[in-house]
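Here, residue 1 is the first one in the sequence, and each next residue gets the next number. Order of listing sets the numbers, starting from 1, for every ligand and every atom in it.
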Amino acid sequence: MKMERRDFLSKAALASAATLFSANSLLAATYPAKEKLGVALVGLGYYSTDLLAPALQLTQKCYLAGIVTGTPSKAETWKKKYNIPEKNIYNYQNFDQIANNPDIDVVYVVLPPSMHREFVVRAAKAGKHVFCEKPMAPSVADCEAMIKACTDNKVKLAIGYRCQHDPNIQAYMQVAKEKKFGKVKLINSAAGYFDGRSDHWKQKKALGGGVMGDMGVYALQGARLATGEEPISVLAQASTTRPEIYKEVEETMMFQLEFPSGARAACQSSYGINMNFLQVNYEKGWLKMEPQSAYNGNKGSMSDGTQINFVLSNQQAKQMDEDCIALMSKTNLIVPGEEGLRDIRVVEAIYKSVKTGKVVKI
Ligand code: NAD
């Protein structure tokens, strides 16, 4: 029985992929201007190098057209490796000239969080659509300015919440929508890994570091997406087991959320502990995901025996393709800027709760 369900779910995944790509062919017919959108990556650190650039070799609706980097040696390496024309290579100073480059349709900001606002606003002013990595920015004011800049310049803003493009995550979002097991009672959501570094932006407040924005948003998304609701209050506590490293920002954040329906969530994130799971207890059943926010292999099960185990060839490629389809077809993005802002609103309340030691209304 379980096998049959899994088989059904896998077939459903294939069917949805087929729909996606047949929609692509239709779109190509409707929007003959460009078969593939040109993406410029801004910031060539770990995520761009190890995940996004390789994914851009697999995408069907976009390709790696340009780069923006402050390091000339990286520009040379990337130019050779990905065959990027010199005219599509920018640094942080001459970046605004990208406005005159028709090869670039989308600017993907993959910098430390404190730099997201500046580069999203500059990209929007250059008339380019923008993809921005999570956390969207350190403050609600930043997020609002980024959304406004994109609206004012008539460009779209997508946040890099790759998991929302993953059918395994969409499966539990659907359970929330259908209320398959009744109301949510209690959630336990965790996302963390051991970070051995001591001098990285993740440990620096001015650069938008701290585990809450980095891994905490995955724990938060688990709770928000599993309820389909926005939290109304939070009680949070920050801690560290390595005070010599985590001087400016928290190593671990634990936070309890209350939702309008009465559902509650206990969430944890840490740079000191490897953990990644979501457990949802409903009135009439349960759902577990482990891992819940990995690049691949997110999977889970439900109390009625349903297995969640879609196989994805590349999560980031799917994310960027789906975002580009939305841009080309002028349809809604799966994760627009407003969704990034929703998380940062909660993150601000979490820091306020840490400071005051009290429950903070959101
Ligand atoms: P990283 O430190 O590896 O790379 C950051 C890049 O920014 C580097 O190329 C660095 O040279 C550049 N940079 C420019 N100015 C800088 C400054 N003042 N200080 C530090 N670096 C500076 O970081 P990363 O892991 O690639 O993360 C970049 C962004 O991507 C962050 O927003 C992060 O949260 C996000 N990210 C998302 C995922 C995901 O799964 N969606 C995974 C990893 C990282």
Any side-chain heavy atom of L327 within less than 4.5 Å of one from F131? yes
Given side chains that start at C-beta, do those of V211 and T252 come closer than 4.5 Å, heavy atoms only? no
Using 0.5 Å steps for rounding, measure from the CZ atom of F310 to the CD1 atom of I169.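 With rounding to 0.5 Å, CZ (F310) is 10.5 Å from CD1 (I169).
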If you draw the axis of the six-membered ring of F119, does the NZ or CZ of R122 fall within 45° of it and under 6.0 Å from the ring centre? yes
Per-pair distances, ligand 1 N/O vs protein N/O, less than 3.5 Å:
residue, atom, partner, partner atom, Å
ligand 1, 2 (O), H200, NE2, 2.8
ligand 1, 2 (O), W201, NE1, 3.0
ligand 1, 3 (O), Y46, N, 2.8
ligand 1, 9 (O), L44, N, 3.3
ligand 1, 9 (O), G45, N, 3.0
ligand 1, 9 (O), K74, NZ, 3.1
ligand 1, 23 (O), W201, NE1, 3.0
ligand 1, 26 (O), Y46, N, 3.4
ligand 1, 26 (O), Y47, N, 2.9
ligand 1, 32 (O), L111, O, 3.2
ligand 1, 32 (O), H116, NE2, 3.2
ligand 1, 32 (O), K134, O, 3.0
ligand 1, 34 (O), K134, O, 2.8
ligand 1, 34 (O), K134, NZ, 3.2
ligand 1, 40 (O), R162, NE, 2.6
ligand 1, 40 (O), R162, NH2, 3.3
ligand 1, 40 (O), Y218, OH, 3.1
ligand 1, 41 (N), Y47, OH, 3.4
ligand 1, 41 (N), E133, OE1, 2.8
ligand 1, 41 (N), Y218, OH, 3.4

So which atom in A219 and which in S189 form the shortest heavy-atom distance, rounded to 0.1 Å?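 It is O-OG, 2.7 Å.
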Taking N298 for the side chain and S293 for the main chain, is one N or O donor matched with an acceptor at less than 3.5 Å?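 Flag set: sc N298 to bb S293 pair under 3.5 Å.
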